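In what follows, a structure is listed as structure tokens, so that the remarks can point back to it.
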Number of protein chains: 2
Amino acid sequence: MLELRLVQGNLLKKVLEAVKDLVTDANFDCSSTGFSLQAMDSSHVALVALLLRSEGFEHYRCDRNVSMGMNLNNMAKMLKCAGNDDIVTIKADDGSDTVTFMFESPNQDKIADFEMKLMDIDSEHLGIPEAEYHAIVRMPSSEFARICKDLSSIGDTVVISVTKEGVKFSTRGDIGNANVVCRQNTTVDKPEESTTIEMHEPVSLTFALRYMNSFTKATPLSSTVTISLSSELPVVVEYKIAEMGYIRFYLAPKIEDEEEDVKP
Amino acid sequence: MLELRLVQGNLLKKVLEAVKDLVTDANFDCSSTGFSLQAMDSSHVALVALLLRSEGFEHYRCDRNVSMGMNLNNMAKMLKCAGNDDIVTIKADDGSDTVTFMFESPNQDKIADFEMKLMDIDSEHLGIPEAEYHAIVRMPSSEFARICKDLSSIGDTVVISVTKEGVKFSTRGDIGNANVVCRQNTTVDKPEESTTIEMHEPVSLTFALRYMNSFTKATPLSSTVTISLSSELPVVVEYKIAEMGYIRFYLAPKIEDEEEDVKP
DNA sequence: AGTCAGCGTC
DNA sequence: GACGCTGACT
């Protein structure tokens, strides 16, 4: 028996909007610790890891660990039927091949339940080691989203370079080149508007903007984003989910001179 | 060496939105006087003339006259990457085949530079003589835009007739006819909401609505528009750009009885 | 081009 | 909190 009651139901809606473009089907893993998901994108290049800790739920009952395979587009469709202020409860009976989403309006006037078929998905759950990163950039999530969007109108890839002074996002394309530099600034009043850079070593890595733009779908989940970079390690783009956990996106860098190396 | 710093960077964004649908490639001419453009539309029917006077820039350096050929769609793409409050600087080295647009966020935390390739465009720069017009109509730009849009759902051409009483916009089409009359009204408190008519001689001219609707893309640049009419002269549709200059559109009238005259 | 959603403003 | 606007998607 599984019953997870989330007062801030629109969190779930936002999570699904953030993930469904990248991953079509995935297993949600439910244990006493929390509600989590780990999945590769359909082209097996990027990885999403979501964690919603049990403490973040108003009520959390999970008798035994279960893994529920869901089609994320269908799940998103159902969650869209929840009002933004609705309380969402996820229910599943042991051994059942369905999951039920229940939506209660704040004043309890409306109660809806949506039952969705589960599916069998085989997925390797990768252990992701905690790593030391050369540089960790924290910046307003909207700014990061804007930069990725802007640069993708010029080129396909972005070079993210971190120095003590700031972080530089660069691209080049047919019509020209573009560089956006964000300076570290902690002077701003509000911490969610500040950009901070924790750098142990300068680093410069190249990524496909297409994936970055998918990641920024998670922008509504958090006002800030953290980008952790190390040479030869996948970048981690993390959006903290207040009081609950996080959604993290991993993406392997392109090997810098990949294109130039295509020589006989 | 060329370096033009414009605090109100979104002016440039608006200018490009206004011009890019009409003209795909054009030379921007830069002299000590200002930054200007003159170009025919792709079907050589309408003409755009833009002037941004040097005094309107916060900093204006132009060592020698240069003409920079740009693809306006690409330029618009790059300018879209500027924030609405960003300070925009246009830079070009002498003899360089690129131009750089630099965007600074108001708090200087973000600095972006976009380098765009220039192109060779041969264009005849027409001297446009100052003419005396039979009638000059000044009206709210949004009202003019609305009228052109409304009439184009009925017909393809508009007859603009000016009498002392007012200005009449008429069209006829398969489904019927339409006339919109705007009376002179200076009584309104705000000058930008008033319609004034300076008429030396009544005039009635016919124009293609398709072009008029392109011209009204400049509506965000000014709250008023000036329409200058003379028989046998191209109409001038002018949007003043505060403190800086103007954008003017010229369009030759259709010969009134062109269609009816197709008789043996 | 028209519709819808999200953001900013009043 | 509601409205209007701007940008994204169909």
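Given the structure is predicted, the values throughout are model-derived calculations rather than measurements. Below, chain A is the first sequence line, B the second, and so on; all start at residue 1.
In the model, A/N179 has a side-chain atom that pairs as donor or acceptor with a side-chain atom of A/S170 under 3.5 Å.
Ion pairing of A/E104 with A/R5 is present here, as a side-chain N (NZ or NE/NH1/NH2) and a carboxylate O approach within less than 4.0 Å.
Closest heavy-atom contact between B/C182 and B/E143: SG-OE2, 3.5 Å.
The distance from atom CG of B/N84 to atom C1' of D/dC5 is 12 Å, rounded to the nearest whole Å. Rounded to whole Å, the distance from NZ on B/K77 to P on D/dG7 is 17 Å. Taking atom CD on A/E143 and atom C1' on C/dC7, their separation rounds to 17 Å, with Å as the unit. In this structure, B/E17 places its CD atom 18 Å from P of D/dC5, rounding to the nearest Å. For A/K14 and C/dG6, the NZ to P distance is 10 Å, given to the nearest whole Å. If you measure from atom CG of B/D85 to atom P of D/dT6, you get 14 Å, rounded to the nearest angstrom. Residue B/K80 contributes atom NZ, which lies 8 Å from atom P of D/dG7 at whole-angstrom precision. In this structure, CG of A/D150 is placed 10 Å from P of D/dA8, rounded to the nearest angstrom.
Qualifying salt bridge (Lys or Arg N to Asp or Glu O under 4.0 Å) partners for B/R138, counting only residues two or more places apart in sequence or in other chains: none.
Here A/K149 reaches the OP1 or OP2 of D/dA8: one of its side-chain N or O atoms lies under 4.0 Å away.
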